[in-house]
Amino acid sequence: RRFSRGLLLKRPVKQLKKKLVKAKKDCGPHDKPDVVKTHLRDMIIIPEMIGSIIGVHQGKVFTTVEVKADMVGMYLGQFSMTYKPVRHGRPGIGATSSSKFVPLK
């Protein structure tokens with residue numbers, strides 16, 4: 001649906017596509033292209049992007065994403081996590097008395 005409504009006609013999308021083509025053209029035949037940074041997390045990956053390296057902004061830094069053929073049709077934001085997964089450790093201050101109990105081997 002998004003393609004039929006004109007995804008590739010919007011200005012930021014055109015600029016990103018142009019930068020990706022230029023980065024691919026400037027590199028050698030066996031080299032990887034330069035990283036192209038973008039904030040467009042809602043950009044759908046299209047077949048012309050395959051093989052390029054994109055720096056997707058995740059709120060604080062840019063996460064490097066190398067586009068593969070399997071990624072076509074997905075969003076760039078799916079490959080750049082915006083949060084750090086929770087690592088549950090020991091119970092802290094204020095926990096209930098039952099959860100504070102740690103057995104002595």
Side-chain angles (χ1 to χ4, degrees):
R1 181 168 189 263
R2 193 159 170 194
F3 286 110
S4 64
R5 294 178 72 206
L7 164 78
L8 303 174
L9 300 177
K10 299 195 187 303
R11 184 169 167 246
V13 175
K14 280 185 180 178
Q15 286 180 333
L16 176 64
K17 193 174 169 190
K18 190 159 66 167
K19 286 180 185 178
L20 290 172
V21 169
K22 185 178 184 296
K24 269 189 181 180
K25 190 175 74 170
D26 290 347
C27 74
H30 300 290
D31 299 334
K32 290 191 177 187
D34 292 336
V35 177
V36 177
K37 293 182 178 182
T38 183
H39 283 251
L40 296 175
R41 297 177 56 83
D42 62 342
M43 172 70 184
I44 296 174
I45 297 173
I46 53 179
E48 292 90 46
M49 293 181 175
I50 295 174
S52 33
I53 299 174
I54 304 172
V56 183
H57 196 260
Q58 54 100 329
K60 189 174 182 181
V61 294
F62 289 91
T63 308
T64 306
V65 176
E66 187 173 351
V67 180
K68 310 262 190 229
D70 301 340
M71 299 179 181
V72 173
M74 297 183 184
Y75 291 99
L76 284 175
Q78 289 180 287
F79 305 102
S80 176
M81 300 233 341
T82 57
Y83 64 93
K84 186 176 174 184
V86 178
R87 297 196 54 190
H88 296 284
R90 301 185 128 228
I93 297 171
T96 60
S97 58
S98 61
S99 65
K100 286 183 185 175
F101 176 72
V102 179
L104 301 170
K105 291 191 181 180

Any idea how His39 and His57 line up, ring-wise: parallel (<30°), tilted (30 to 60°), or perpendicular (>60°)?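 Parallel.
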In residues 26-33, what donor-acceptor pairs under 3.5 Å come from side-chain atoms, sequence neighbours left out?
from: Asp26; atom 1: OD2; to: Lys22; atom 2: NZ; distance (Å): 3.2
from: Lys32; atom 1: NZ; to: Glu66; atom 2: OE1; distance (Å): 3.2

Min side-chain heavy-atom separation Met43-Ile54 under 4.5 Å: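 SC-SC contact between Met43 and Ile54 ruled out.
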Pairing residues for [X] by the side-chain contact (heavy atoms from CB on, under 4.5 Å) criterion, not counting sequence neighbours:
X: Gln78; value: Met74, Tyr75
X: Val21; value: none
X: Ser80; value: Arg41, Val56, Gln58, Thr63

Taking a hydrophobic cluster as the set of Ile, Leu, Val, Met, Phe, Trp and Tyr residues connected by side-chain heavy atoms closer than 4.5 Å, whether directly or through intermediates, do Val13 and Leu76 fall within one such cluster?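 Hydrophobic grouping puts Val13 with Leu76.
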In one Ile/Leu/Val/Met/Phe/Trp/Tyr side-chain cluster, 4.5 Å: Leu40, Ile45: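 Looking at the clustering, Ile45 is in the same group as Leu40.
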What are the two closest heavy atoms between Val67 and Met49, and how far apart are they?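 Val67 and Met49 have their closest heavy atoms at CB-O, 3.5 Å.
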All side-chain hydrogen bond (donor to acceptor under 3.5 Å, both in side chains) counterparts of Thr38, not counting sequence neighbours: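 If we apply the side-chain hydrogen bond (donor to acceptor under 3.5 Å, both in side chains) test to Thr38, skipping adjacent residues, there are no hits.
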With Lys68, which residues qualify under side-chain hydrogen bond (donor to acceptor under 3.5 Å, both in side chains), at least two apart?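 Partners of Lys68 by the side-chain hydrogen bond (donor to acceptor under 3.5 Å, both in side chains) criterion come out as none, since no residue qualifies.
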Co-members of the apolar cluster containing Val35 [side chain, <4.5 Å]: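 Val35 clusters with Ile53.
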Out of curiosity, [X] [atom1] to [Y] [atom2], how far, rounded to the nearest 0.5 Å?
X: Lys37; Y: Thr64; atom1: NZ; atom2: OG1; result: 8.5 Å
X: Ile50; Y: Asp70; atom1: CD1; atom2: CG; result: 9.0 Å
X: Lys14; Y: Leu16; atom1: NZ; atom2: CG; result: 13.5 Å

Check: Lys24 side chain, Gly51 main-chain N or O, donor-acceptor pair, under 3.5 Å: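 Side chain of Lys24 to backbone of Gly51: no pair is present.
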